[in-house]
*Asks:* 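The structure follows.
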Amino acid sequence: MPAPFRIYNTLSRTIEDFAPVKDGHVGIYVCGMTVYDHIHVGHARAMVVFDAFVRYLRHREWDVTFVRNFTDVDDKIIKRANEVGKDPVALAGEFIGHFHDDVGALGLANPDHEPKVSETIDGIQAMIGNLVNSGHAYEQDGTVWYSVESFPEYGKLSGQKVEELRSPDEVPGKRAPADFALWKAVKPGEPAWDSPWGPGRPGWHIECSAMSLGDIGETLDIHGGGLDLVFPHHENEIAQSEAANGKKYVNYWMHNGLLTMTSGQKMGKSLGNVINVRDALSQFPAESLRLYYLQSHYRSPLPWGPEALPEALAMLGRLYEARENAEAMGGSEPVEQVISGLGEDAKKVFELGQGFTSRMYGALDSDFSTAQALGYLFELARAVNRLANHKKAKKRGGPVVAPALAAFASVAETLGLMAMSSADFMAEVKEKRLAAMGVSHDAVEQLLTDRRQARADKDWGRADEIRNQLDEMNIVVMDRADGSDWKVRLVAAN
RNA sequence: GGCGGCAUGGCCAAGUGGUAAGGCAGAGGACUGCAAAUCCUUUAUCCCCGGUUCGAAUCCGGGUGCCGCCUCCA
């Protein structure tokens with residue numbers, strides 16, 4: 001039996017108990033990308049949030065149908081294609097490839113369906129035809145408009161009143177300012193498909209109505225997307241689908257908050273302040289991005305600044321450190337014996353480890369509070385590290401730390417954090433941070449070799465000199481009983 | 001102008017009725033040849049003013065500030 005959960009519904013502006021259309025099943029549709037450029041870290045937040053959400057639902061034994069579309073027919077694509085002299089649909093195809101590269105690098109699972117507008121023309125035309133026949137839409141000079149006044153509930157999602165909207169555009173053939181295009185008559189230089197209303201292409205909003213109908217059905221359990229899509233996009237989808245199908249379109253509207261710059265502005269292409277995912281990933285491991293997104297609630301605005309990723313990486317390093325400490329512990333005594341031998345800290349880590357899963361479920365079942373779940377995770381990590389400070393922990397701590405290791409594994413499965421081996425993680429950190437700072441691996445190794453010799457000679461002056469030199473390169477040297485290791489400093493000193 | 005949201009310690013951020021999780025940064029201590037990592041200690045009357053309540057960061061009213069949407073946008 002799938003576990004019940006609660007989720008905020010934009011439609012009601014409250015957190016509601018989730019009730020599925022079909023027992024045990026969640027049909028979720030998320031608005032994907034208009035593919036005419038690389039994705040930026042703002043887009044990636046939505047992708048990561050919904051990826052983690054779907055992973056979690058599956059972990060909790062829901063049968064999930066996850067659909068995320070591509071808009072590959074669109075004004076902006078056409079404009080870009082004309083600029084570079086390519087076919088628009090082909091250009092979109094290229095960026096779909098880049099998209100897959102980027103989200104793959106972010107560790108996202110593929111949705112069950114990734115429909116494209118260019119492959120859904122029939123479904124779109126069928127729905128438009130339906131709307132025309134039922135009087136919800138009208139054709140004018142080869143363009144089909146949706147008549148907003150034909151749908152009395154228009155505005156129920158966004159709270160907008162049609163009369164109050166700004167309406168700057170005066171378009172010939174359009175009866176009311178709020179009406180929007182379902183089908184656009186062909187213009188020179190644009191891709192077009194034949195239709196009962198003449199050659200043309202779909203308007204923006206209709207695609208999601210048609211694609212979700214095709215891949216999930218008339219009523220979606222959950223429809224997701226960025227908060228900026230509430231109006232007009234999602235409002236228009238409701239109007240189209242409910243008018244065409246006569247059924248409630250979406251039971252739960254789930255909107256993620258937007259990235260904001262530390263200046264307060266949102267990150268957006270039109271503002272020219274975007275950071276591409278591929279650039280961020282060239283400098284930081286994917287999981288540091290995931291952690292950055294998941295450390296705050298998905299509906300909150302999330303500030304982006306130069307410290308965001310270094311800080312997330314420092315946090316992540318802490319988690320990996322804790323797991324390494326736990327993994328290093330051995331022993332096979334009964335838990336009670338270990339606790340009586342090692343004391344309170346052993347008891348604490350055992351209890352926190354055992355209780356972690358239900359605490360995490362509690363947080364995630366309550367409007368997917370990944371931030372709270374991560375708080376619990378860090379508490380557990382600290383308890384592990386505290387125990388690790390005990391002299392006997394390495395030899396005997398294994399049994400009491402076993403639940404913590406299981407907890408870390410469940411975090412990897414549901415949130416996609418700590419999903420790598422520590423060795424791979426450290427290697428990725430070194431590679432990316434060195435590259436970002438323009439320091440070569442060989443140079444570091446050479447200095448380290450020199451310093452090892454100095455230390456062997458007990459030439460502490462020389463050893464410190466080299467340490468300082470490395471320090472200036474943001475390389476931190478760690479001396480251990482079994483030799484020296486090094487790592488890249490994660491956060492620059494303030 | 002209309003609609004919606006947010007305001008918690010130096011910074012980020014959970015928490016929606018019973019006296020404030022977590023992270024980053026800072027300070028002190030343990031540890032270390034020196035460091036790093038780690039651990040311990042340490043910093044909040046939760047924007048302001050009223051109200052409801054035995055009790056509010058948490059509910060209600062008013063105010064101030066910030067943000068998003070109303071044109072493409074995750």
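Protein chains get the first letters and strands the later ones, always in sequence-line order, with residue 1 at the start of each.
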*Asks:* B/rA74 P sits how many Å from A/Met254 CE, rounded?
*Replies:*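 Going from A/Met254 (CE) to B/rA74 (P), I get 17 Å.
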*Asks:* Taking CG from A/Asn256 and P from B/rG68, how many angstroms apart are they, rounded to a whole number?
*Replies:*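 So the two atoms are 15 Å apart, to the nearest Å.
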*Asks:* Tell me whether the side-chain N/O atoms of A/Thr370 come closer than 4.0 Å to OP1 or OP2 in B/rA14.
*Replies:*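 A/Thr370 to B/rA14 OP1/OP2: no side-chain N or O under 4.0 Å.
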*Asks:* Could you pull out all residues at least two apart from A/Glu153 that satisfy side chain to side chain donor-acceptor pair (under 3.5 Å)?
*Replies:*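 For A/Glu153 the side chain to side chain donor-acceptor pair (under 3.5 Å) partners, ignoring immediate neighbours, are A/Lys156.
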*Asks:* What's the closest nucleotide to the side chain of A/Asn385 if the choices are B/rU38, B/rA74, B/rG15?
*Replies:*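 Shortest atom-to-atom distance from the side chain points to B/rU38.
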*Asks:* List in chain and number order the residues that pass side chain to side chain donor-acceptor pair (under 3.5 Å) with A/Lys432, two or more places apart in sequence or in another chain; answer none if no residue qualifies.
*Replies:*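 Here the qualifying residues are A/Glu428.
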*Asks:* Does A/Asp367 have any side chain to side chain donor-acceptor pair (under 3.5 Å) partners at least two apart in sequence or in another chain, and if so, which?
*Replies:*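 A/Asp367 satisfies side chain to side chain donor-acceptor pair (under 3.5 Å) with A/His297, A/Tyr298, A/Arg299 once adjacent residues are dropped.
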*Asks:* In whole Å, what separates the C1' atom of B/rA57 from that of B/rC47?
*Replies:*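 The same atom, C1', in both gives a distance of 12 Å.
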*Asks:* Any side-chain donor paired with an acceptor under 3.5 Å for A/His233 and A/His205?
*Replies:*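 On atom types as modelled, these side chains qualify, holding a pair under 3.5 Å.
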*Asks:* Sequence neighbours excluded, which residues qualify as side chain to side chain donor-acceptor pair (under 3.5 Å) partners of A/Ser421?
*Replies:*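 Scan of A/Ser421 (side chain to side chain donor-acceptor pair (under 3.5 Å), adjacent residues dropped) gives A/Asp424.
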*Asks:* When the P atoms of B/rG15 and B/rG22 are considered, how many whole Å apart are they?
*Replies:*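 14 Å, rounded to whole Å.
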*Asks:* Provide the Watson-Crick or G-U wobble partner of B/rA21, both distances under 3.5 Å; none if there is no partner.
*Replies:*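 With both distances under 3.5 Å required, B/rA21 matches none.
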*Asks:* Calculate the interatomic distance between A/Met33 atom CE and B/rC72 atom C1'; express it in whole Å.
*Replies:*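 Distance, rounded to whole Å: 12 Å.
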*Asks:* Can you measure A/Asp74 atom CG to B/rA74 atom P for me and round it to whole angstrom units?
*Replies:*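 Rounded to the whole Å, the gap is 10 Å.
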*Asks:* Less than 4.0 Å between a side-chain N and a carboxylate O, is that true for A/Arg68 and A/Asp112?
*Replies:*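 Salt bridge between A/Asp112 and A/Arg68, a charged N being under 4.0 Å from a carboxylate O: no.
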*Asks:* Between B/rU19 and B/rG55, how many Å separate the two C1' atoms, rounded to a whole number?
*Replies:*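 Looking at atom C1' only, B/rU19 and B/rG55 are 9 Å apart.
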*Asks:* I'd like to know if A/Arg359 reaches the base of B/rG22 with its side chain such that a donor and an acceptor end up less than 3.5 angstrom apart.
*Replies:*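 Result: no qualifying N/O pair found.
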*Asks:* Any protein N or O atoms within reach of nucleotides 5-9 of chain B? Criterion: under 3.5 Å, listing atom names and distances.
*Replies:*
none

*Asks:* In the structure shown, which nucleotide is the Watson-Crick or G-U wobble counterpart of B/rU38, with both distances under 3.5 Å?
*Replies:*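 B/rU38 is paired with B/rA30.
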*Asks:* Could you pull out all residues at least two apart from A/Asp101 that satisfy salt bridge (Lys or Arg N to Asp or Glu O under 4.0 Å)?
*Replies:*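 Checked A/Asp101 against salt bridge (Lys or Arg N to Asp or Glu O under 4.0 Å); zero matches.
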*Asks:* Nearest whole Å is fine: how far is B/rC39 P from A/Lys348 NZ?
*Replies:*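 In whole Å, B/rC39 P lies 14 Å from A/Lys348 NZ.
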*Asks:* Between B/rC46 and B/rG28, how many Å separate the two P atoms, rounded to a whole number?
*Replies:*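 Each nucleotide's P atom is 30 Å from the other's.
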*Asks:* Both distances below 3.5 Å, Watson-Crick or wobble geometry, any strand: find the nucleotide opposite B/rG55.
*Replies:*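 Because no pair has both required distances under 3.5 Å, B/rG55 counts as unpaired.
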*Asks:* So does A/Asp457 pair up with A/Arg462, basic N to acidic O under 4.0 Å?
*Replies:*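 Here A/Asp457 does not pair with A/Arg462 in a salt bridge, since their nearest N and O are not under 4.0 Å apart.
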*Asks:* When you check the side-chain N and O atoms of A/Ser158 and A/Glu235, is any donor under 3.5 Å from an acceptor?
*Replies:*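 A pair is found: one side chain offers a donor N or O, the other an acceptor, under 3.5 Å apart.
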*Asks:* With C1' as the reference atom in both, quote the distance from B/rC54 to B/rG17 in angstrom, rounded to an integer.
*Replies:*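 Per the computed distance, 12 Å lies between those C1' atoms.
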*Asks:* Can you list, by residue number, the residues of residues 371-384 of chain A that have a non-hydrogen atom closer than 4.0 angstrom to RNA chain B?
*Replies:*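 Output list: A/Ala371, A/Gln372, A/Gly375, A/Phe378, A/Glu379, A/Arg382.
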*Asks:* Is B/rU64 paired to anything, Watson-Crick or G-U wobble with both distances less than 3.5 Å, and if yes, which nucleotide?
*Replies:*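 B/rA7 is the nucleotide pairing with B/rU64.
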*Asks:* Hunt down the Watson-Crick or G-U wobble partner of B/rA44, both distances under 3.5 Å, from any strand shown, or write none.
*Replies:*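 Looking at the geometry, B/rA44 pairs with no nucleotide.
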*Asks:* Given atom CG of A/Asn236 and atom P of B/rU71, what is their separation to the nearest angstrom?
*Replies:*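 Checked: the CG to P distance equals 11 Å.
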*Asks:* Which comes earlier along RNA chain B counting from the 5' end, the contact point of A/His233 or that of A/Arg467, where each point is its nearest nucleotide?
*Replies:*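 In this pair, the answer is A/Arg467.
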*Asks:* Counting Watson-Crick and G-U wobble pairs only, both distances under 3.5 Å, name the nucleotide matched with B/rC69, or none.
*Replies:*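 Because both required distances fall under 3.5 Å, B/rC69 counts as paired with B/rG2.
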*Asks:* Which part of the nucleic acid, if any, lies within reach of A/Arg68 when heavy atoms closer than 4.0 Å are counted: base, sugar-phosphate only, or nothing?
*Replies:*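 A/Arg68: no heavy atom of the nucleic acid under 4.0 Å.
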*Asks:* Expressed in whole Å, how much space separates the P atoms belonging to B/rC24 and B/rA37?
*Replies:*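 Approximately 10 Å lies between the P atom of B/rC24 and that of B/rA37.
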*Asks:* At under 4.0 Å, does any side-chain N or O of A/Arg462 touch on OP1 or OP2 of B/rC34?
*Replies:*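 No, A/Arg462 has no side-chain N/O under 4.0 Å of OP1/OP2 on B/rC34.
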*Asks:* Contact class for A/Gly224 (heavy atom, under 4.0 Å): base, sugar-phosphate, or nothing?
*Replies:*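 No contact at all - A/Gly224 keeps every heavy atom at 4.0 Å or more from the nucleic acid.
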*Asks:* Report yes or no: do A/Asn69 and A/Tyr29 form a side-chain donor-acceptor pair below 3.5 Å?
*Replies:*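 A pair is found: one side chain offers a donor N or O, the other an acceptor, under 3.5 Å apart.
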*Asks:* Provide, to the nearest angstrom, the distance between the NE2 atom belonging to A/His234 and the P atom belonging to B/rG4.
*Replies:*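 The answer, rounded to whole Å, is 18 Å.
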*Asks:* Would you state whether a donor and an acceptor, one from the side chain of A/Asp479 and one from the base of B/rC34, lie under 3.5 Å apart?
*Replies:*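 Such a pair exists between side chain and base.
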*Asks:* Starting at the 5' end of RNA chain B, which residue's closest nucleotide do you reach first, A/Gln160 or A/Gly226?
*Replies:*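 This one resolves to A/Gln160.
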*Asks:* Give every donor-acceptor pair under 3.5 Å between a side-chain atom in residues 354-362 of chain A and any protein atom, sequence neighbours left out.
*Replies:*
| residue | atom | partner | partner atom | Å |
| --- | --- | --- | --- | --- |
| A/Ser358 | OG | A/Gly355 | O | 3.2 |
| A/Tyr361 | OH | A/His59 | NE2 | 2.6 |

*Asks:* Going by atom types only, do A/Glu237 and A/Tyr249 share a side-chain donor-acceptor pair under 3.5 Å?
*Replies:*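 Yes.
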*Asks:* With respect to the phosphate group of B/rG33, does any side-chain polar atom (N or O) of A/Arg455 fall under 4.0 Å of OP1 or OP2?
*Replies:*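 For B/rG33, OP1/OP2 do not have a side-chain N/O of A/Arg455 under 4.0 Å.
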*Asks:* Name all pairs fulfilling the salt bridge (Lys or Arg N to Asp or Glu O under 4.0 Å) condition that reach into residues 4-16 of chain A, sequence neighbours left out, sorted by first residue then second.
*Replies:*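 Only A/Arg6-A/Asp17 qualify under salt bridge (Lys or Arg N to Asp or Glu O under 4.0 Å).
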*Asks:* Does B/rG15 have its OP1 or OP2 closer than 4.0 Å to a side-chain nitrogen or oxygen of A/Ser369?
*Replies:*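 So the side-chain polar atoms of A/Ser369 do come within 4.0 Å of the phosphate oxygens OP1 or OP2 of B/rG15, strictly under.
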*Asks:* Under 4.0 Å between any heavy atoms, over every strand shown, what does A/Thr10 touch: base, sugar-phosphate, or nothing? Just pick one.
*Replies:*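 The residue A/Thr10 makes no contact with any strand.
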*Asks:* Mind checking if A/Val476 touches a base, just sugar-phosphate, or nothing, with heavy atoms under 4.0 Å?
*Replies:*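 A/Val476: backbone/sugar contact only, no base atoms under 4.0 Å.
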*Asks:* Between B/rA14 and B/rG1, how far apart are the two P atoms, rounded to whole Å?
*Replies:*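 Per the computed distance, 31 Å lies between those P atoms.
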*Asks:* Can you tell me which nucleotide in B/rA13, B/rC34, B/rG23 comes closest to the side chain of A/Asp464?
*Replies:*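 Given the options B/rA13, B/rC34, B/rG23, the side chain of A/Asp464 is closest to B/rC34.
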*Asks:* Quantified in whole Å, what is the P atom distance between nucleotide B/rG23 and nucleotide B/rG18?
*Replies:*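 Roughly 24 Å separates the two P atoms.
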*Asks:* Given atom CG of A/Leu302 and atom P of B/rC11, what is their separation to the nearest angstrom?
*Replies:*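 Atom CG in A/Leu302 sits about 17 Å away from atom P in B/rC11.
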